[in-house]
Amino acid sequence: MAEAQVIDVDVAIVGSGAGGGTVAAQLAPLCVRGLRVAVFEWGGHFAAADNTRRELEMVRRYYVDGGGLRTVSGEITLAACRAVGGATNVYTGVSFFPPPHVLDKWAVPGLNIDDLAPRLARHAADNGVHYHVEAEINRNNQLFAQGCRALGWTPRTFPINTRGCAGLGTCNLGCPRQAKQGTAQVQLPRAERQGVKIFPYCRIDRIDNGVLLGEVEAPPDGLRPGPLSPGKLQVRARRIVLAGGALFTPTLLMRSFADAMRRWPALGRYFTCHPALTLVGLHDTPVDGPIGHPKSFYCDDFARQEGFLLESCFYPPFATARNLVGLGDDLDRMMGRIDHQQQVLALVLDRAQPTNRIVMGSDGGPRIHYAVDAALRATLASAIRASGRLLFAAGARCVHLPGTQAFLSTHEEADRLGSLVAPARLKAGRVTISAAHLMGGCRMGTQAAASVTDA
């Protein structure tokens with residue numbers, strides 16, 4: 001058996017996404033003082049030319065399990081990214097400041113908007129956060145705003161962190177212009193210039209007395225390798241930063257410490273993910289949703305009382321087809337008119353519950369237990385009805401709404417959405433729920449019994 005490659009560092013950062021990449025940039029000045037800081041990332045380090053916009057190819061390249069990672073019940077499909085820069089490669093550039101009322105709800109001592117604001121402002125400037133001007137907003141997004149205003153709802157504009165965006169519309173598949181200013185474009189290059197080393201294709205399996213043990217994987221055919229050869233890996237570190245995301249940081253701790261659940265009773269618990277549905281309306285005239293930035297507006301009128309949020313969106317063909325509930329001719333006709341589609345994303349603002357949790361499977365990987373219960377189905381039904389009203393108010397001739405008996409609902413049925421959309425129909429096999437906002441697992445707080453880390 002070949003001997004493991006051994007690397008000695010002062011600080012090892014596991015994960016290179018929004019968390020790990022930012023930590024790397026903050027610690028980079030240590031390298032100037034002679035210390036060794038390194039980032040270990042499970043996924044590859046992709047250049048602009050690697051982002052081909054070919055949907056299935058890019059989904060397999062960026063997403064865990066090729067985008068097919070599911071909860072144990074099979075009811076929710078989870079989008080988890082692995083690449084240098086993490087999920088900042090495949091989001092739409094939306095860059096919110098945390099609302100003060102959310103921080104108040106978390107109630108973590110030491111975590112408040114007065115402390116965060118100056119650092120958030122610095123990151124916003126570094127990452128080019130701005131608002132789209134009206135001329136840059138495509139018709140799909142404009143229809144969302146028009147529908148909201150027609151109903152007396154308030155459309156709000158997303159802040160976006162892009163530079164040089166060409167409106168190619170495939171943000172969720174990586175950007176061939178690398179216009180999104182995530183950690184792969186901003187924080188990590190800055191860290192590298194100061195001496196931080198980045199090691200892609202490094203899967204860290206466990207921690208043993210301060211040593212990271214793992215495997216260097218070979219890159220897919222045709223992609224550039226990292227600086228390490230495939231094989232076993234040992235990283236000896238004085239300090240370790242775990243930034244592997246909501247799924248992989250908890251399971252790394254579980255694999256590494258036999259008494260993990262005694263040390264941290266809340267480890268893996270309180271998982272949330274904003275379960276989401278994609279709703280589609282058909283217009284008589286072309287919408288051309290694939291052309292232009294896919295996400296410009298949201299409506300949070302229902303967030304506080306009813307627990308859901310609506311967003312404009314537009315997804316590539318395979319993702320769109322997967323999110324529709326139906327087969328055969330109905331699906332073919334709908335996908336044949338993708339240029340006439342308006343799309344809306346409805347997200348449930350799910351509550352953190354200890355029973356929704358990440359556990360370690362027999363292979364050491366994450367298994368996600370998440371209950372789609374009656375309360376969640378009721379909220380999904382409310383979000384579907386609101387989305388239907390928005391699509392009809394924007395001028396859609398017919399809409400595809402999960403939870404109804406028909407594949408399409410017509411404009412004449414707009415006043416009957418309350419009875420057409422039934423929560424009882426929103427069950428596995430009859431609805432396609434997805435989630436891309438994976439949170440929790442290492443809950444922040446002050447009590448060891450209910451949290452894993454502090455502010």
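Below, each value reflects all heavy atoms present in this structure, side chains not excepted, and no hydrogens, waters or symmetry copies. Along the sequence shown, the residues carry numbers beginning at 1.
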S.K.: Quick one: does Arg53's side chain have a donor or acceptor within less than 3.5 Å of a partner on Leu168's backbone?
M.R.: yes
S.K.: For Tyr62 and Leu173, work out which heavy atoms get closest and say how close.
M.R.: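 Where Tyr62 meets Leu173 most closely, the heavy atoms are CE1-O, 3.7 Å.
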S.K.: According to side chain to side chain contact (heavy atoms under 4.5 Å, CB included), who are the partners of Ala381, at least two apart in sequence or on a separate chain?
M.R.: Arg385, Val421, Pro423, Leu426
S.K.: Considering residues, nucleotides and ligands other than Asp339, do more than 12 of their heavy atoms fall under 6.0 Å from its CG?
M.R.: yes
S.K.: How about CZ on Phe318, more than 12 heavy atoms from neighbouring residues, nucleotides or ligands closer than 6.0 Å, or not?
M.R.: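 At most 12 heavy atoms, drawn from other residues, nucleotides or ligands, come within 6.0 Å of this atom.
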S.K.: Test of understanding: with side chain to side chain contact (heavy atoms under 4.5 Å, CB included), list the residues that count as partners of His437, not counting sequence neighbours.
M.R.: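 With sequence neighbours excluded, His437 shows a side chain to side chain contact (heavy atoms under 4.5 Å, CB included) to His274, Leu347, Met439, given in chain and number order.
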S.K.: Checking side chain to side chain contact (heavy atoms under 4.5 Å, CB included) for the pair Leu233/Phe40: CA distance, chi angles, key distance, verdict?
M.R.: CA-CA 11 Å; Leu233 174 67; Phe40 297 89; 4.3 Å; yes
S.K.: With sequence neighbours excluded, what pairs up with Asp373 under the side-chain hydrogen bond (donor to acceptor under 3.5 Å, both in side chains) test?
M.R.: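 side-chain hydrogen bond (donor to acceptor under 3.5 Å, both in side chains) list for Asp373, sorted by chain: empty.
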S.K.: Which pairs pass side-chain hydrogen bond (donor to acceptor under 3.5 Å, both in side chains) with one or both residues in residues 311-336, sequence neighbours excluded?
M.R.: Asn141-Ser312, Thr278-Asn323, Lys295-Glu311, Thr320-Gln343, Asp330-Arg333
S.K.: Tell me, please, which residues at least two apart from His411 pass side chain to side chain contact (heavy atoms under 4.5 Å, CB included).
M.R.: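 Scan of His411 (side chain to side chain contact (heavy atoms under 4.5 Å, CB included), adjacent residues dropped) gives Phe392.
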S.K.: CZ of Arg357: more than 12 outside heavy atoms within 6.0 angstrom?
M.R.: yes
S.K.: What closest approach, in Å, do Leu279 and Ala346 show between heavy atoms, and which atom pair accounts for it?
M.R.: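 What the structure gives for the nearest pair is CD2-CB, 3.9 Å.
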S.K.: Ser95 pairs by side-chain contact (heavy atoms from CB on, under 4.5 Å) with which of Val129, Leu120, Asn127?
M.R.: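 Per the side-chain contact (heavy atoms from CB on, under 4.5 Å) rule, the option paired with Ser95 is Val129, out of Val129, Leu120, Asn127.
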S.K.: Could you report the tightest heavy-atom contact between Leu401 and Gly388, atom names first, then the distance?
M.R.: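 Smallest interatomic distance, heavy atoms only, reads CD2-CA, 3.9 Å.
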S.K.: Any ion pair linking Arg156 and Asp300 (charged N to carboxylate O, less than 4.0 Å)?
M.R.: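 So Asp300 pairs with Arg156 through a salt bridge.
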S.K.: Describe, in one word, how the ring planes of Phe407 and His400 are oriented to each other, choosing from parallel (under 30°), tilted (30 to 60°) and perpendicular (over 60°).
M.R.: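 Plane angle between 30° and 60°, so tilted.
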S.K.: Can you list the residues that meet the side chain to side chain contact (heavy atoms under 4.5 Å, CB included) rule with His45, with sequence neighbours excluded?
M.R.: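 His45 satisfies side chain to side chain contact (heavy atoms under 4.5 Å, CB included) with Val84, Glu192, Pro200, Arg224 once adjacent residues are dropped.
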S.K.: Counting N and O atoms only, with roles assigned by atom type, does the side chain of His130 sit under 3.5 Å from a partner on the main chain of Ile160, one being a donor and the other an acceptor?
M.R.: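 A pair under 3.5 Å: yes.
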S.K.: Decide if the gap between the ring center of Tyr298 and the ring center of Phe144 is smaller than 6.0 angstrom.
M.R.: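 They do not qualify: ring centres at least 6.0 Å apart.
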